[in-house]
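Have a look at the structure below before the remarks.
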Amino acid sequence: MLKIHNSLSGQKEVFTPIEPGKVSMYVCGMTVYDFCHIGHARVMVVFDMIARYLRHSGLDVSYVRNITDIDDKIIARANENNETISELTERFIVAMNEDSDALGVLSPDNEPKATLHMPQIIEMISTLIDKKHAYVGNNDVYFDVSSFENYGRLSGKNTEELRAGERVEVQQEKDDPLDFVLWKAAKPGEPSWASPWGEGRPGWHIECSAMSTHCLGNHFDIHGGGQDLQFPHHENEIAQSVCSTGEEFANVWIHNGFVRVDEEKMSKSLGNFFTVREVLQKFQPEVIRFFILSSHYRSPLNYSIDNLEEAKSALNGLYTALRDAPVDAAGEPIKKTIDEFNDCMDDDFNTPKAIALLHELARDLNRNSDKSSKEAAELTVTLRYLGTVLGLLQDDPQTFLQAKSDSSTDDLDEVAIQNFIDERVAAKSAKDYEKADQIRDHLQSLGISLEDTPQGTIWRRN
RNA sequence: GGCUGAGUGGCAGAGUGGUUAUGCAGCGGUUUGCAAAACCGUGUACCUCGGUUCAAUUCCGGGCUCAGCCUCCA
């Protein structure tokens, strides 16, 4: 029985889909004006893991992750670069897809773009105005926060406290400082769309309300995103959606924790971010994915080279077990282990606990000296199968363990390495251990480790 | 100031009202020409002060510390 921590209640709740057997999930995606950093990677990986697990549980999942391709920062960046906004956004959408592919993130079922949903956005704003939840002020359109009594429910805030904590200059056009913009009148030179309120473009919050309800219906199961979107973005989405449709919005809100650097949130504004492609220079993509999944999705995740190195060592261990496992392993995964795995994951997607199970499988497999045994085959199949559910262990083990990265100091190809190995094997059989050790030390100094096994000498990159 | 969340062994990171997390690193052993990999063994961990209890790291309350939100942010 799957339980999910719902930000709306602050508690783990038994998950009951609106329509039995089906799940509709919307996740706030990227604003495409720059490369994805590790914080973005976490969102992509976490919700990919969730979608995979829901499917593994037999649910028919509709997963939507939007792309924000029009906003202030996009306009500003395009101007800086002297390119059109579509040139800029297309470029970074390609980059984002490269990053997510590398991380083993499966494509969502739908990736709606804000610029392609102007009719839905404008319609929703019109409805809000008709229902007196929004007003026009100086060609902008604002949402009237006081018209929605449940405002603050998701973020645990109330409107008085928010007013007291108000730190932003009040804009004249707003009736209330808490009101937020639905439609911005175009400034000269800015891209714009025609609307009943003149040329302009949508505010950030309304696009997600319009796209989520358009793609999944007014009332859907899960809405997700980073913790920093809980307020005001998600709070505003609820207000807009509920007020325009008159129906419930998302049943369950899932927020993933931040990535930190030196105990501080990784963010653009602090400048302490590492882009995915930057980290990929040093680590294999699966190491990043493993690192992300080895802590619970709601906990903070401390980014550091040491922690990535540790993730790499742990993942190496899993792949080493698979490397030495029966090649032709076939059969059914072990039911008892699958059940244990499901119990971990049913408890609010406890991936660290699930990964501990993977390590136990690897140990049992290593312990099993008879690789042709039925047990060894079962353990192998189970380990691979559970890896699939988490989007891990999909590589060929040998390929993974021998993969080159930018931190590799050698420029040897497989043939060259094999030549060294052959030379050493010859020295060994001639009992010339000094020479054999020299060769091994030489390769080790280049980051290549040798292992003598009964089947011959094999190698890996450190 | 208001509101969240968190403080676990050298490090990372789960979990639990009394019983082994798991990983990385270390130490001892098996194995090896020596290694590596692997396996076996090895850690008297739960911020602090009170309370509840036969029993609390786990529940409750105070304190301290940290992070986040209250402005764009995944």
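What's counted below: heavy atoms across the whole structure, side chains too, no hydrogens, waters or symmetry copies. Letters A, B, ... are given to chains in the order of the sequence lines, protein chains preceding strands, and every chain is numbered from 1.
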Can you tell me whether the side chain of [X] and the base of [N] have a donor-acceptor pair closer than 3.5 Å?
{"X": "A/N368", "N": "B/rC39", "answer": "no"}
{"X": "A/K157", "N": "B/rC69", "answer": "yes"}
{"X": "A/R440", "N": "B/rA35", "answer": "yes"}
{"X": "A/R363", "N": "B/rC39", "answer": "no"}

*Using a 4.0 Å cut-off on protein heavy atoms (strictly under), produce a 5'-to-3' string for nucleotides 7-14 of chain B with B for base contact, S for backbone-only sugar-phosphate contact, and - for none.*
----BSSS

_Donor + acceptor pair across side chains of A/T115, A/D69 (<3.5 Å)_ = yes

OP1 or OP2 of [N] versus the side-chain N and O atoms of [X]: is any pair under 4.0 Å?
{"X": "A/N256", "N": "B/rA74", "result": "no"}
{"X": "A/K265", "N": "B/rC69", "result": "yes"}
{"X": "A/H359", "N": "B/rU22", "result": "no"}

*Return the stacking result for B/rG33 and A/Y433: yes when the ring centres lie under 5.5 Å apart and the planes under 30°, no otherwise.*
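Here A/Y433 meets both the 5.5 Å and the 30° conditions.
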
*Taking the six-membered ring for Trp, are the ring centroids of A/Y63 and A/Y26 within less than 6.0 Å of each other?*
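Not under 6.0 Å, so no.
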
*Base, sugar-phosphate, or nothing: which does A/L450 touch, judged by heavy atoms less than 4.0 Å apart?*
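Contact class for A/L450: base.
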
_Intermediate values then yes/no, side chain to side chain donor-acceptor pair (under 3.5 Å), A/T457 and A/E451_ = CA-CA 6 Å; A/T457 301; A/E451 293 168 38; over 6 Å; no

